[in-house]
Colleague: 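Quick one: the structure is below, and I'll ask about it shortly.
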Amino acid sequence: MKDSQKRLEIEEDVWSAGRKKTNFNSHEIGHYGDGKIARMSRHNQIPLLIHSTLKWTKNYKTQSNPPPLQQKLSTNLIKAYFDNGLLKQARQLFDEMPNPDVVAWTAMVSGYTACGHYNSAWMMFNDMMRESLDRPNAFTFSSVLKACKGMKSFSCGAVGHGLAFKHGFVGGSIYVDNALLDMYASCCESMERALLVFEHIPVKNQVSWTILITGFTHRDDGLAALQVFRRMFMEESEQSPYSFSIAIRACAGIGSHIYGKQIHALVVKLGFDLNIPVMNSILDMYSKCNSLYEAQECFNEMNEKDDITWNTLIAGYAKPDPMKSLHLFLQMELQGCTPDCFTYSSVITASANLSALTCGQQIHGRIFKNGLEQNLPISNSLIDMYAKSGSIQDSRRIFSEMCSHDMVSWTSMMVAFGSHGYGTEAVELLNQMVNSGIKPDTIVFMAILSACSHAGLVDQGLSYFKLMTTKYKTSPSQEIYACVIDLLARGGRFEDAYDMICSMPFKPDESVWAAFLGACKAHGQPVVTACQELDLKPKGSGIYVTLANMYAAEGKWDDRAKMRTLVDEAGVKKVAGTSWLEVHDQVYSFVAGDGCGSQIEPVYQALRVLGRHMVEQTNVTQVGI
DNA sequence: CACACCAGAC
């Protein structure tokens, strides 16, 4: 009990210093001549003792050239302080050093960088260039370039590049070259400069390759990343699990199950299948490529799993099979793994997709118990979950109690309002967001257009569509056009909607026709003749079915038959729309006309109660929202 | 054996 409390305390401290929770219990801080190793823990007094001993050492502060042992010991201590997130103590010790050498300066730069205090690292480097008598070495430049990467500052990085070149380390140290490569890959819009650096590295190592592949993958250019990965093989560079992990992520990014499987085979061949991070990427890749079966197989075959393994699979199942996701969550705990913010965020999503309010509330309770209620992604998922489970008030409460909002929070709340028919509230929210200085992106516009569409605020929606191109200078995507067409058609403005379909810069795809036809159907509008000339691709079965139903409604049985034939030829099946009802602790899903099975009885019971309530309400007053 | 570069999840 006491131990776990202690652990928690350290974790918090380490967390606040922005570090991962490794190496915090004790750390090797140095070796003495006799081979003894000093170990440090923040709960014993050894470091302070050594620190004070240093201070007491004769002439420590006045000597211009302190003995090497003292220099080494101080530097070791500085590193140990940083490793434990004790920035102030590290700084204090450094300031006490009479004549810090290049190694001590570098330890400060890299220490600050490792703790995420990039600005301090950069300042330290500047102080060093001004004050230190030593010349910076390769260690210094690789550290400071990493700090530039952390600051996302191209200009600082360029200064670092110039100085590193001046001191002869560009092309002279693989560490400096790699840090430089990484800095350009992280700070620039394009990979141009990074590629330039890469081609000039005399002997590339696996780190160089990994950085390049990472650069392309993070720019969502999975194909370029895989090309580099391939080239790495052709040039017979040494292999590392890092490059595999990221190349697999690239496959996930482009949704290529085929490439993913090939790399998976390579992983097995080279024996990287014992590497947990690599296997976790493979799991993620399969689930992102809709190959949950393969993902599950990999999961079953893994001898060793970590928390991320569980999180990856739970996240993978959250949408396609939320029930399975929740089961895995329970299993995870039984296996002794601790759920974290990623786990909770996924299971909340799973619960949202089941529209299972009670289940969502229970998980929310657990989140509170674990003190994670202010976690941003979790709060965002909660907004979505409560909205999808029918409790918009709770979504609203979560949103207002959050201490900060990101783009996802605003969008989720807008979607929540929109799906409940609160168009005005969604518009108000968008104004608030813009006033707080956030520039709306495509997703936000889609959310607001949809909200306006569902609330019948046609002109309001159109004004936002206009604003997109005039004020925010974004060219509307295919999806945006689909939203606007939906807005117009639902609002009964079929002519305008049809004109827009004809004049938009895209060839109308299924989503556009689905929006248009759906609205026509809802308004009992006859099928527009032009629809017969549709160039429909045979995958959107919904459109054929919609069309067939519309022809049927008009009594055009020949046309209906044509459509049904198209459906059959394409071999597509319309997925039945299901509804859910939560009765006691059970969620029942059913389709229209679903009458068989004993398990449907509670649903009918609940429906009868609901029906009675509605009748009573209507007798008293008109039903509101 | 004082200081350095790269990977995975919502």
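Here the structure is a predicted model, which means the values were calculated and not measured.
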Colleague: The side chain of A:S245 lies closest to which of these nucleotides: B:dA7, B:dA9, B:dA4?
Modeller: B:dA7

Colleague: Please step through ring-ring contact (aromatic ring centres under 6.0 Å, His included) for the pair A:W310 and A:F299, ending with a clear verdict.
Modeller: CA-CA 9 Å; A:W310 286 95; A:F299 180 84; 5.1 Å; yes

Colleague: Under 3.5 Å, is there any donor-acceptor pair linking the side chain of A:N311 to the base of B:dG8?
Modeller: no

Colleague: Over all heavy atoms of both residues, which pair between A:A352 and A:K388 is shortest? Give the atoms and the distance, please.
Modeller: O-CB, 3.7 Å

Colleague: So what does A:N380 touch, heavy atoms closer than 4.0 Å: a base, only the sugar-phosphate, or nothing?
Modeller: nothing

Colleague: So which nucleotide from B:dA4, B:dC6, B:dG8 ends up closest to the side chain of A:A138?
Modeller: B:dA4

Colleague: Does B:dC6 have OP1 or OP2 sitting under 4.0 Å from an N or O in the side chain of A:K149?
Modeller: yes

Colleague: Using the rule for Phe, Tyr, His and the six-membered ring of Trp, do A:Y242 and B:dC6 stack at under 5.5 Å and under 30°?
Modeller: yes

Colleague: Are OP1 or OP2 of B:dC6 and a side-chain N or O of A:H218 less than 4.0 angstrom apart?
Modeller: no

Colleague: Taking only the side-chain heavy atoms of A:S143 (C-beta and beyond), determine which of B:dC6, B:dA4, B:dC10 contains the nearest atom.
Modeller: B:dA4

Colleague: Where do A:D384 and A:S412 land on the side chain to side chain donor-acceptor pair (under 3.5 Å) test, with the steps shown first?
Modeller: CA-CA 6 Å; A:D384 182 56; A:S412 308; 6.0 Å; no

Colleague: Is it true that A:E96 and A:R91 have a side-chain N and a carboxylate O under 4.0 angstrom from each other?
Modeller: no

Colleague: For A:D177, which contact category applies under a 4.0 Å heavy-atom criterion: base, sugar-phosphate, or nothing?
Modeller: nothing

Colleague: May I ask whether A:Y175 stacks on the base of B:dC5, given the cut-offs of 5.5 Å between ring centres and 30° between planes?
Modeller: no

Colleague: Which one, B:dC5, B:dC3, B:dC10, comes nearest to the side chain of A:A179?
Modeller: B:dC5

Colleague: Is any side-chain N or O of A:T75 under 3.5 Å from a base N or O of B:dA2, one able to act as donor and the other as acceptor?
Modeller: yes

Colleague: Please check the phosphate of B:dC5 (OP1 and OP2 only) for any side-chain N or O of A:K146 closer than 4.0 Å.
Modeller: yes

Colleague: Does a side-chain heavy-atom distance below 4.5 Å link A:I78 with A:M97?
Modeller: yes

Colleague: Could you tell me whether A:D306 contacts a base, only the sugar-phosphate backbone, or nothing, with contacts defined as non-hydrogen atoms closer than 4.0 Å?
Modeller: base

